[in-house]
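In what follows, a single structure is set out as structure tokens and then discussed.
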Amino acid sequence: GCQDLMLPNLIVLDGRLLHRPVSGLERYVSSLTSTLSIREHSPNIALAVEWPVQISSSLSRRCNVFPVHNERHLVETIKAGPPCLYHATWLGYSSAHYLPMAVANVGVLTIPDFILWDHPEYSSPDLHAKFQAALQIGVQWAHRCLVYSEHTKNQAMERLGISSEFIGV
């Protein structure tokens, strides 16, 4: 498990959603960044974003905010930087979305829910199939998954075939 790993001194959080109007996911990323950055003996916190000017000044003062243009740029930045834990804080529609976890020393994936998995009517059939395939690949690159509830934990075990020990609530 993750407890057996030597954790690096840098945590990179995927904050590419933070330019959007605030919803539950944006609040989660902002709160996680704030909480980690004020902990005593905490590693350095970096926040990967698409629009740095749209990050609140209070959050910008707490962590290193760096711009990324796309998934490839994010992967290259992680590969070129110091050893890090990369936290994919939201779900994507392509395996490239999860690639930063594959190149980081430690990968953590948050699975908020399975709404897009369970409701193909929310996207095209092609996009729905890509979402499911990408998440199945992404989980393989993660060292640990985080979920919001026991219900989502049970769904992750059932849909993705991952063990209970691999998932934190």
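Below, all heavy atoms of this structure are taken into account, side chains as well, without hydrogens, waters or symmetry copies.
- For the pair Arg159 and Phe114, the cation-pi criterion (under 6.0 Å, within 45° of the ring axis) is fulfilled.
- Tracing side-chain contacts under 4.5 Å through hydrophobic residues (I, L, V, M, F, W, Y), one reaches Tyr98 starting from Val12; they form part of the same cluster.
- Proximity of Trp51 to Leu18: side-chain heavy atoms (C-beta onward) are nowhere separated by under 4.5 Å.
- Residues Leu32 and Leu13 meet the side-chain proximity criterion, which asks for heavy atoms closer than 4.5 Å.
- Put simply, CG on Leu99 and CD on Glu76 are 11.0 Å apart, with the number rounded to the nearest 0.5 Å.
- Aromatic pair Phe131/His128: ring centres not closer than 6.0 Å.
- Of all heavy-atom pairs spanning Pro112 and Leu25, the tightest one is CG-CD2, 3.5 Å.
- The CG atom of Leu116 lies 10.0 Å from the CD atom of Glu121; values are rounded to the nearest 0.5 Å.
- A distance of 10.0 Å separates CE of Met101 from CG of Asp14, quoted to the nearest 0.5 Å.
- Considering CG of Leu135 and NZ of Lys130, their distance stands at 16.0 Å, rounded to 0.5 Å.
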Item to check | Chi angles and distances behind the side-chain hydrogen bond (donor to acceptor under 3.5 Å, both in side chains) call for Lys153, Ser164 | outcome: CA-CA 8 Å; Lys153 179 178 181 176; Ser164 174; 3.1 Å; yes
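- Looking at Arg16 and Glu26, no side-chain N of the basic residue comes within less than 4.0 Å of a carboxylate O on the acidic one, giving no salt bridge.
- Across all their heavy atoms, Ala134 and Gly92 have their closest contact at CB-O, 4.2 Å.
- Note that the CG atom of Asn9 and the SG atom of Cys84 stand 11.0 Å from one another [nearest 0.5 Å].
- Side-chain contact between Ser30 and Leu59 is present, with at least one heavy-atom pair separated by less than 4.5 Å.
- In this structure, Phe66 and Leu74 have side chains that are in contact, with non-hydrogen atoms separated by less than 4.5 Å.
- The shortest distance between side-chain heavy atoms of Tyr148 and Ile111 does not fall below 4.5 Å.
- When all heavy atoms are compared, the tightest approach of Ile78 to Pro100 is CD1-CB, 3.6 Å.
- In summary, the side chains of Arg62 and Ser34 do present a donor paired with an acceptor at a separation below 3.5 Å, with no hydrogens or angles considered.
- Clustering ILVMFWY residues whenever any of their side-chain heavy atoms sit less than 4.5 angstrom apart, transitively, puts Tyr93 in the very cluster that holds Val75.
- Cluster annotation: Val169 is connected to Val139 through the hydrophobic network of ILVMFWY side chains, with a link wherever side-chain heavy atoms come within less than 4.5 Å.
- A pairwise comparison of heavy atoms in Leu47 and Cys63 identifies CB-SG, 4.0 Å as the closest pair.
- In this structure, Ile167 and Met157 have side chains that are in contact, with non-hydrogen atoms separated by less than 4.5 Å.
- Interatomic distance, Ile45 CD1 to Ile11 CD1, rounded to the nearest 0.5 Å: 4.0 Å.
- Counting only N and O atoms by type, the side chains of Tyr28 and Thr89 include no donor and acceptor under 3.5 Å apart.
- If you chain together hydrophobic residues whose side chains sit under 4.5 Å apart, Leu160 and Ile115 fall into the same group.
- Between the side chains of Ser149 and Thr152, a donor-acceptor pair is found at a separation under 3.5 Å.
- Val108 places a side-chain heavy atom less than 4.5 Å from the side chain of Leu85.
- A donor-acceptor pair under 3.5 Å is formed between the side chain of His97 and the backbone N or O of Trp90.
- Applying the 6.0 Å contact sphere to NE2 of His73 captures more than 12 heavy atoms from other residues, nucleotides or ligands.
- In this structure, Cys145 and Ile162 have side chains that are in contact, with non-hydrogen atoms separated by less than 4.5 Å.
- Between the His143 side chain and the Gly107 main chain, a donor and an acceptor come within less than 3.5 Å of each other.
- Scanning both residues, Pro52 and Val65, for their nearest heavy atoms gives CB-CG1, 4.2 Å.
- Leu146 and Leu91 fall into different hydrophobic clusters, where Ile, Leu, Val, Met, Phe, Trp and Tyr residues are linked whenever their side-chain heavy atoms come under 4.5 Å apart, directly or through other members.
- Across every non-hydrogen atom of Ala46 and Leu10, the tightest pair is CB-CD1, 3.9 Å.
- Looking only at atom types and distance, the side chain of Asn105 has no donor-acceptor partner in the side chain of Tyr86 under 3.5 Å away.
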